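We count ligands from 1, going down the list as the structure has it; atoms in each ligand are counted the same way. It should be emphasised that the depicted structure is a prediction, and the values quoted were computed from it without experimental measurement.
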Amino acid sequence: MKKTNLMMIAMWGMALCAGSDVAESAPPASQVLWYEQPAGNWEAEALPIGNGRLGAMLFGAADKETIQINEDSLWEGDEQDSGMYQNLGEFEVALPQAKPVENYRRELDISRALHTVSYTSDGVSFRREAFASFSDQVMVFRFTADKPGSHSGTLTLKDAHDAIPIISPNRMTAAGKLKNGLQYESQILVLNDGGTLAATPTGIAFQNVTSLTLMVGAGTDYLNQRAKSWRTGEAPHRLMSVQIDKASKRPYAELLAAHVKDYQALFNRVRLDNGKTDAAIAALSTPKRLAAYKQANAQDPELENLLFQYGRYLLISSSRGALPANLQGLWNNSNTPAWRCDYHSNINIQMNYWLAETANLPECAEPLLNYIFSLREVRTEQTSAYFKSKRGWTVQTENNIFGGSSWEWNTPGSAWYCQHLWEHYAFGGDKTYLKAVAYPVMKEVCEFWEDRLKTLADGTLVAPMGFSPEQGPREDGVSFDQELVWDLFTNYIEASQALGVDPEYRQKVTAMRDKLLVPKIGKWGQLQEWMVDRDDPKNDHRHVSHLFALHPGRQISPTKTPALAAAAKVSLIARGDAGTGWSKAWKISFWARLLEGDHSYKMYSELLKNNIMANLFDTHPPFQMDGNFGATAGVCEMLLQSQAGELHLLPALPGAWTNGSVTGLRGRGGFQVDIAWKDGKVTSYRITSSDKRKATVRVNGETKVIQSETNPP
Ligand code: FUC
């Protein structure tokens with residue numbers, strides 16, 4: 001993993017949960033995706049593994065394993081040109097089968113982050129295992145059989161940028177340079193137990209091998225530091241070779257055990273029981289369960305649970321490197337992917353991270369925080385050139401990894417980024433992080449708005465020339481901008497209070513915050529999207545940006561601002577329950593914040609019915625991972641909310657989940673929350689934190705102040 005100027009954040013990480021032993025027993029139906037056939041198609045059927053930086057999509061055909069690979073920093077573009085996230089390549093293990101294949105099963109066990117394929121052919125049982133190790137920074141693919149010498153075939157590597165592989169009997173490397181000069185490489189080391197390996201002009205041939213293990217590494221010379229021109233200054237070859245060689249010296253079982261232990265230390269923090277699925281349905285393959293779910297009116301709580309936990313699996317697998325999860329996490333098989341497979345600032349990158357704090361994966365938010373920090377200089381220059389601003393910065397809608405940005409200026413985009421900087425503190429309570437990382441950025445973005453806000457005749461402050469995403473026109477006082485600036489100022493005020501710094505500036509920001517135009521209620525009872533009352537009740541556009549204040553913001557709530565919440569509900573009903581994947585996912589959270597669990601659940605199951613493909617990837621269409629992440633975040637909002645200064649247990653529990661329990665959700669204020677419920681009522685709960693402290697808890701309609709317990713070691 002590359003060092004970043006902020007990697008120290010990792011050391012301040014919240015010691016939230018201890019690791020656990022490697023699970024050996026079969027995972028429950030809520031933690032396995034499985035198939036009776038190999039994948040035919042990358043987007044909807046192949047299955048993802050990833051270590052947060054490296055990723056692979058596996059197809060699993062018996063006679064030919066196709067493994068498409070990615071590395072999250074393989075980007076074209078620079079500070080001026082947004083470029084696109086690139087495919088890295090594909091390797092193929094051809095294993096001609098003499099006899100028909102029987103008992104085929106392809107599986108992704110998300111309780112261990114392990115992909116397996118098993119089948120029999122000519123009386124021999126074959127088994128493949130694949131995982132992407134964070135601890136060893138390699139991906140491992142192992143082919144075994146219960147009869148010695150059963151593997152004969154060839155291994156080839158196809159680089160997506162036409163690099164010609166260098167081949168030796170047990171190693172292949174493909175190295176090249178993108179148009180922007182970025183150096184990259186992928187490398188495979190082949191280990192054989194029995195049989196022989198030989199280099200051929202196009203790959204590696206293996207003969208009569210009993211077990212074959214492939215160690216795959218990949219990297220680029222990208223560095224998330226502008227001061228170093230975004231480059232490490234060294235080709236990735238050396239580090240990758242060290243990592244692969246080191247991993248190859250560890251016994252396979254040890255590598256796998258280390259991987260599972262590392263993964264489960266994150267994954268096992270949250271467990272959900274939202275009901276049991278009928279044994280006959282639970283026994284079906286994933287595509288059959290999806291089909292049954294569509295027809296049987298949502299009678300598969302364990303499939304709903306699987307989608308919830310899959311979001312956590314995908315974030316752990318795509319957000320533990322130097323860079324945040326992009327529109328497709330990090331899985332991409334195209335050099336011209338939809339929307340550049342980029343960091344879209346008008347909802348998508350933010351939605352990717354809502355679950356990080358609530359679903360107890362705060363270290364997975366660090367790549368986003370590092371990313372935001374890395375962009376500041378470039379963004380300040382480009383913002384200043386465009387807006388003639390003197391302080392602070394912001395972004396356009398499409399963003400790359402070098403600070404480059406294109407399409408519509410998303411003027412409050414940086415204020416939205418600041419919400420993530422703030423939330424990391426609000427949930428984790430780490431003041432060292434707040435002071436060194438979040439606060440300076442929040443302050444400079446406040447200064448940008450201080451210089452930019454316009455005073456109307458009556459003293460009200462409005463953001464000039466805003467743009468409600470994909471609605472237009474550009475004009476003053478757009479609700480999206482107003483709400484984001486309110487959020488920024490409020491977070492800033494609390495941050496400066498927490499640190500006990502800048503009292504004068506805090507006062508100034510407080511005064512500005514209190515003069516901001518608040519979204520108005522319009523002629524059909526809606527929350528106005530613009531200062532001018534022109535909302536069209538027939539507008540069912542997927543973006544619902546003027547409801548930011550309801551979620552993920554905290555300016556509007558049914559308890560504190562009931563009239564505005566009622567107006568938000570009118571707007572939400574008008575926009576309708578349809579929408580693309582991410583739009584439905586956002587609506588899960590909107591309805592949860594309106595405390596309407598059944599409607600929230602309706603959106604969750606609509607998403608599962610209509611926008612989830614066989615591999616459980618969300619489709620916009622096309623495949624877009626924000627819907628997966630947003631769905632998981634939405635379930636968290638149904639079960640626990642903490643944005644209003646209290647821990648609200650089961651604020652939007654749907655009727656469908658009558659009995660159940662959840663452990664390990666996180667609430668603002670440094671709390672972890674376990675809840676059990678029966679007939680829709682909380683029967684027991686436990687609030688823990690790093691030290692004993694007071695917590696205000698809203699439970700079964702009552703509010704109480706309790707003392708938290710200390711987190712288990
Ligand atoms: C937003 C959306 C599009 C798409 C793109 C990546 O701007 O409006 O639907 O999701 O991001």
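- For the ring-ring contact (aromatic ring centres under 6.0 Å, His included) with Y222, the lone residue among F402, Y85, W75 that qualifies is F402.
- Salt bridge E357/R666: present, at least one basic N to carboxylate O contact under 4.0 Å.
- Where the criterion is an N or O separation shorter than 3.5 Å, residue side chain and backbone included, W582 meets it with respect to ligand 1.
- Regarding atom 3 (C) of ligand 1, its nearest protein heavy-atom neighbour is H620 NE2, 3.5 Å.
- Using modelled atom types and a 3.5 Å distance limit, the side chains of N348 and N352 yield no donor-acceptor pair.
- At a 4.0 Å heavy-atom cut-off, ligand 1 touches N348 through the side chain alone.
- For atom 1 (C) of ligand 1, the closest non-hydrogen atom of the protein is E470 OE2, 3.4 Å.
- The CG atom of N180 sits 13.0 Å away from the CD atom of Q80 when rounded to the nearest 0.5 Å.
- For N346, every heavy-atom contact with ligand 1 shorter than 4.0 Å involves the side chain, none the backbone.
- Close approach of ligand 1 to H543 (heavy-atom distance below 4.0 Å) involves ligand atoms 1 (C), 2 (C), 7 (O), 8 (O).
- The shortest N or O to N or O distance between R542 and ligand 1 is under 3.5 Å.
- Residues Y601 and P654 approach most closely at CB-CB, 3.4 Å, considering heavy atoms.
- Here T397 has no heavy atoms under 4.0 Å from ligand 1, in either its backbone or its side chain.
- Close contacts between ligand 1 and L327 involve ligand atoms 6 (C) [criterion: under 4.0 Å to a heavy atom].
- Looking at Y604, W591, F590 one by one, the single match for ring-ring contact (aromatic ring centres under 6.0 Å, His included) with H599 turns out to be W591.
- Between W416 and F548, the gap from one ring centroid to the other is short of 6.0 Å.
- What sits closest to atom 11 (O) of ligand 1 on the protein, heavy atoms only, is H344 CD2, 3.0 Å.
- Between E444 and R379 no salt bridge is recorded (no basic side-chain N to carboxylate O distance below 4.0 Å).
- Under a 4.0 angstrom heavy-atom cut-off, T580 registers as lying outside contact with ligand 1.
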